[in-house]
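Contents: one structure, followed by commentary.
This is a predicted model, so every value here is computed, not measured.
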Amino acid sequence: MARDGTRPLVSFEMWFGFDVYVLPGGDLATGVRELTSGSSAFEARSARRRTLVCSHPRPLGAWLCKAMLGWLLLMVCTRISQMAEAGGMKEVLKGISYGPAPLKAAGRLPNDDFMADSAKAQWSTSGRGDLAIMKKLGANAVRLYGNDPREDHKPFLDEAHSQGLQVIPGMSDYPYTQMPKNCITTEYNCYSQIKEQYKSNLENGFLDKAGSYHPALKTIIVINEPDLKIPGESQPKKFSRAIISAIDGMLDAEKEAGASGNFPNFTATFSFGVCTACPGSKSKPSLGQMLELRRAMEKPEDYGYTPKNDLAKLYRSRFTNSFNTNNPATDMKPLFLDDYEALFATTPVFIGEYHAPHVPVGQDLQKILSIAESSSLAGISFFEYQVRYDKGGSEMEFGMFGLGVQKIASMDFFGTSFPVWCLTEVADKKSSGVTVVDELAKAFGGPGIKANELCVIDPQKVPISEDGYEAVLSLKDVEKMATFVSRVVEHMGGSVTDKSQLQSFAKRYTGSTVVVETARFLAAAGNLSFASMASDLGQHPSWISWDAMAACVADRASDEGSVGQAISYACGKLHSFNCSELPDSCTQDVWLKADYVLSLFYLRQVTSGTPLQDCSFNGAAMFAPASTYRAIVDARTRNEPESKRRRTEVASASGISVSTANATDVVPVDEKAERAESNRFADGRSGDERFHSALYFNKLMDCVCTCGDDLTLQDIFENHPMGNDLATHVVLVNFMIDLPWLCQQCPSLLRTPRMSLLYGDGGDTCKQVERERARMGLSTSLHSPPLPLQWGTHHSKIVLLLYKNCLRVCIRTFNDIYADIHEKSNAMYIQDFPELQQQNGFDKDDFGDDFRNQIVKYFQACGGFEPVELHAYDFSTAAVAIVCSTPGYYASGKLHECGHLRLRKLLGQHARGWQHPAGTHGIVCQASSFGTLSKSWIDEFYATLSTTCDATHAAFLKKPLLTFVAPTVGQVRDSIEGWVSSASLFIKRATVSAWPTVWRRWGPKVGSRDSRSTHRAVAMPHLKTLCRYVTLNEGDDEDALLLWLYVGSHNMSKSAWGEIQKGGSQLCVRSYEMGVVYFPSRLATLERDMSRGGFFLQKVHNAAKHGAVFVPSAMHPRQAIIPQSLQLRALPMVFPIAIPPASSPAADDPTWSRDLPKEWYAGLDRFGTRFGERGPEFYGHRADSRCVITKDAATTALSEEGYQTVISSNSTAQVSTFIGREILNQNMEVTNQAGLAALAAHPPANFQKLEEELSQEPWVCGGSSGRNCPAKSSSAPLEIDTVL
């Protein structure tokens, strides 16, 4: 239709790109001008290209026009014939809807963005190859649903484009209906929510660096089925307002991003329901919704919205209609298309979800595609690629692929490990003998795909079950069946000793006829199944060696949820055992807990002797030979206590020699070099012996070196100050809190009268402790702080311990979970503060007041604790300044109160101390997570980190060198946790490649003689630090000084630190974070308060007026020495990384990224596993004999259950072995073998009595016995016999 309302005589727009108009009077040029008057230049050019105008002056009549029309129709017929001969009328959209949830049953996913790199193992050709499969089926487009705009979607778009597929992404429902302050809360005005989301989409792959849209993007779905959810089809004005305001926001996002080139169309995909409240719907599905939206786009003010862009223009030039339906092709013309073509002559339409499951798929697809070739229908997207088992119900009727029995890979999908299953074809239920895949390929014109290309059966990976057996059987391959049988044997606690007999057995179970000597126990031919295989093997044929010490343990190929269910089932059956009373060493993760519980369950509850049935727990467990779970112990370490043995193993991996004479004696690899390191600054002036930085690190598990002031959880929660035996109120703030485990480590938490918990994740476990404390009459409050802005999180890590006469504050970098505290490098600030004494002459301290005010403001923002209680304490000795982040927009007078602008303000006030221009200045940014770092954000963050109160001095006019510190791939592999440590390292390849020159290795320099730093380097970093340094001399890469240091929870991201907006007038912060800044000028005025002890500091009287600097890596004031000529006080500051940082990563050992090509993740970690074999929930532990209950005294758990199992054997030798292990575990030694034998012959009734008696026996020494052991001779130590 022309702008003046003139209708075309004939419209050929949808097929040939022009309309025919008959206009009264004037010439053709005048007619064109009339049709395009008021149009933009773009619209006018478009109109001329698509309009053929027939003009006739009165009174000649219209005969000339009729003649021209006849000529035109002849040309059209000719063109139709030509196009038909060329093979088609137009390119029809042949899309596939894609939502490949990796779940085989009902469940929830952490995210639904399958365009993200986290799902690369499914869609990429380096993984399952889903996009390549679509191309083989003849598809030319892929339609998606979930969309996390924080994720980089460029790799997916690149892959789709390389396959010749258009990408039709949809905007997530999150900003519309789920996020705090979503569209519903803003009266269905979605402008700000969608603008923000789409802007991130544009930054993360939708646009290239030049601002052009990715060529794979053709259509963007603004919202899917808005007529069903915002708020519904009964209120069309509201859902129309939501759509037009969302599009308006997307247009402004494009402008701000500088988008250019070929713009994709927008669409809103409606349901196929009738909108009875929509005028003009004609009781036809979808039409009313589309008419309502068109009216809203043309007159948005009538819908309560004032747009910032010309929406009517966009509708004419960049809008496509779409709808979802499961109606068959025969319904499309009478129910929809006939009326649509009359109402929307120039607006294309496609079907976003098409699948009629109640009719034959092949016939129906061919009909709908035929309709698309000859109508205004642009095409369809078939619904859907994969069956959605997780949704269940009617959703199971759709999907052309099912998930097979074989796991072909693992993928870390947004922090949770999921299997990547092979695909199987789904049968067309309405056509016998054909699959949906084959029928779709025929209709789409693709070559198709063979079933054996989808699910290559690997007998090493299929489940040990009937399904697994059937899959291997389908291969008709004896060798592969033999491999499967070997796995079955291993799961039954045996190992094959005669390969020829194995081959014969496998041949029979492959379906071949064979004579076997031991045929008496084989199932009858023709009755072969997995059950019969298990039965035959259960009769223990002679070609298998059976391990009497096999045990039921958790199968590491399973998942955490299944293992947890197995534990719950077993605990429910173990009536004589309380599962809450496991040894502490076996509660560190779900896998060790399962080993203990399941092995005990099998020994006590199972009598049938069918481990495949009784030790399966739906695939969560296996009946494993001892070689699978028994620790490898050589002769040298066999008699060492368990804790010492583990220390020795880690020390060896770290290049540190451990004396076997005394577990506490540590000899560095080069003792002389170590002493030389400690005397590095021996020519200068010593620092103050009473100085302390108030910076501490976590004490790592297996710390084999002198760890100085490294702290444990007990140091924080159990070492009570000023004579207190219990805190009156504990405030615990963290992202992840494993509270049951934490209370086991720190029992006083269960007795504290009041406890306030603020968490981001872990609320369910907190509720368990809440119930237990409630039974004790104690107060517990749980609070999850509100998150008003999307992509934010509650990430702060704070402890407040309120006592009757003092306060303890601890600001940390670790979550309250086992792995963070024992196996990752973390740091903390901790300080005690006395009650405020109202005395005359009290000195006001602005620094301390600011410290208190920042904590108060933080809790006022997040809630969960009333900070008025903090005004009762004296913060005048606060050692650090606080930098916190709380979600919101900060402007005007509050601009510098939060995030990195708060840090900028502090640096402008306190960053001083170095006045020598000769050195090289540098800035170090170290974190466990690096987000998408745009150049504009790095520039503003760099400006913050470069700020100093001495900015006019020549030394600070230099631009400091910026470096990022992160582990390499090799460091991750060789770490304490092995490959699993990567679960907490969120770095993407795109981030690393965007800043290729700034990355440096984690830890000390190669060849460092600092044994402490070398050991900490094998614990992957979870701490987050920032600092500015300067070398003593230009080009000096050894001695450097720190001018300030930040430690806290902020990772390197906009969400954490904030992003400057609106030309510098506003700061947007999304997350809760807290950290502290150490300034030498402040710490130089403080010292330890020896009279109070604990973590108290006090003011230094008559403190020197000259400046101060930190000396990194100095562990003691005597090491913190600098030349006297600098007139600076040297303060020691222990730091885990080299300053200046270590070298850049080597070409063959790049910076860790989560999405490198899989060949980079080569090699075995220290647990002997490859990358991806253990999920992130495994937290670095493999099966451990110390948590497995068996009859083997040499390996069973040192616990009550292990002891009872051993003494029930009535074997003195077994009991002697068990007691000997317990003696060594208590760091005691046997001085008289006869005494041990006598006790073994008459053992105590229970494990507790055994422990008590051992400390009193005269034939033991060391440990808790209180008796010194005699000096050792040069001969070998006394051996304790073990029964292996």
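- Rounding to the nearest 0.5 angstrom, the gap separating the CZ atom in F401 from the CG atom in L423 is 6.0 Å.
- For the side chain to side chain contact (heavy atoms under 4.5 Å, CB included) with L144, the qualifying choice from I221, V167, I168 is V167, the only one to do so.
- Going from atom CD1 of I96 over to atom OG of S381 covers 7.5 Å, rounded to the nearest 0.5 Å.
- Looking only at side-chain heavy atoms (C-beta outward), F323 and I351 come within less than 4.5 Å of each other.
- Here the side chain of S271 pairs no donor or acceptor atom with the backbone of E225 at under 3.5 angstrom.
- For the 3.5 Å distance criterion, the side chains of T347 and N321 fail to qualify, holding no donor opposite an acceptor.
- In this structure, Y385 and R143 have side chains that are not in contact, with every pair of non-hydrogen atoms separated by 4.5 Å or more.
- Between F413 and F114, the distance from one ring center to the other falls under 6.0 angstrom.
- Here the shortest heavy-atom pairing between M290 and Y315 reads O-OH, 4.5 Å.
- Judged by distance alone, with hydrogens and angles left aside, the side-chain atoms of S317 form a donor-acceptor pair with the main-chain N or O of K313 at under 3.5 Å.
- With rounding to the nearest 0.5 angstrom, the CD1 atom of I380 is 11.5 Å from the CZ atom of F350.
- In this structure, CD in E91 is found 8.5 Å from CG in L93, a value given to the nearest 0.5 Å.
- If you take CE on M400 and NE2 on H355, they are separated by 10.0 Å, rounding to the nearest 0.5 Å.
- G379 approaches V92 most closely through the heavy-atom pair CA-CG1, 3.8 Å.
- Heavy-atom minimum distance, K284 versus V274: C-CG2, 3.9 Å.
- Minimum heavy-atom separation, I194 to P175: CD1-CG, 3.6 Å.
- In this structure, R318 and L251 have side chains that are in contact, with non-hydrogen atoms separated by less than 4.5 Å.
- With hydrogens and angles left out, the side-chain atoms of Y98 and Q122 include no donor and acceptor closer than 3.5 Å.
- Separation of the F444 and F382 ring centroids does not fall under the 6.0 Å cut-off.
- With D428 contributing its side chain and P360 its backbone, the two residues share no donor-acceptor pair below 3.5 Å.
- For E384 and K391, the salt-bridge test fails: no basic side-chain N is under 4.0 Å from an acidic carboxylate O.
- Between the side chains of E341 and S376, at least one donor N or O sits under 3.5 Å from an acceptor N or O.
- In summary, D390 and R388 engage in a salt bridge, as defined by a charged side-chain N under 4.0 Å from a carboxylate O.
- Ionic pairing of D173 and K229 is present here: one or more N-O contacts between side-chain nitrogen and carboxylate oxygen are shorter than 4.0 angstrom.
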Only pairs under 3.5 Å count here: list side-chain donor-acceptor contacts from residues 100-113, not counting sequence neighbours, and write none if there are none.
residue, atom, partner, partner atom, Å
K104, NZ, G404, O, 2.5
N111, OD1, D113, N, 2.9
N111, ND2, D148, OD2, 2.9
D113, OD1, M115, N, 2.9
D113, OD1, A116, N, 3.4
D113, OD2, D148, N, 2.9
D113, OD2, H153, NE2, 2.7

Could you list the donor-acceptor pairs under 3.5 angstrom formed by side chains in residues 364-372, with sequence neighbours left out?
residue, atom, partner, partner atom, Å
D364, OD1, A329, N, 2.8
D364, OD1, Y354, OH, 3.3
D364, OD2, Y354, OH, 2.5

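- Under the 3.5 Å distance criterion, with hydrogens and angles disregarded, a donor-acceptor pair is assigned to the side chains of S322 and T269.
- Counting all heavy atoms, side chain and backbone alike, P348 lies closest to T320 at O-CG2, 3.4 Å.
- Looking at E353, its side chain never comes within 3.5 Å of a backbone N or O of S97 through a donor-acceptor pair.
- Checked against the 6.0 Å centroid threshold, H214 and F206 do not count as a close aromatic pair.
- Taking the six-membered ring where tryptophan is involved, the planes of F263 and Y213 are perpendicular, since the angle between them exceeds 60° and thus also 30°.
- A pairwise comparison of heavy atoms in E292 and P279 identifies OE1-CD, 3.3 Å as the closest pair.
- Ion pair R128/D130 flagged as a salt bridge, since at least one NZ, NE, NH1 or NH2 atom sits closer than 4.0 Å to an Asp/Glu carboxylate oxygen.
- In this structure, CE on M134 lies 10.5 Å from CG on L440, to the nearest 0.5 angstrom.
- Donor-acceptor pairing under 3.5 Å is lacking for the side chains of N326 and H358.
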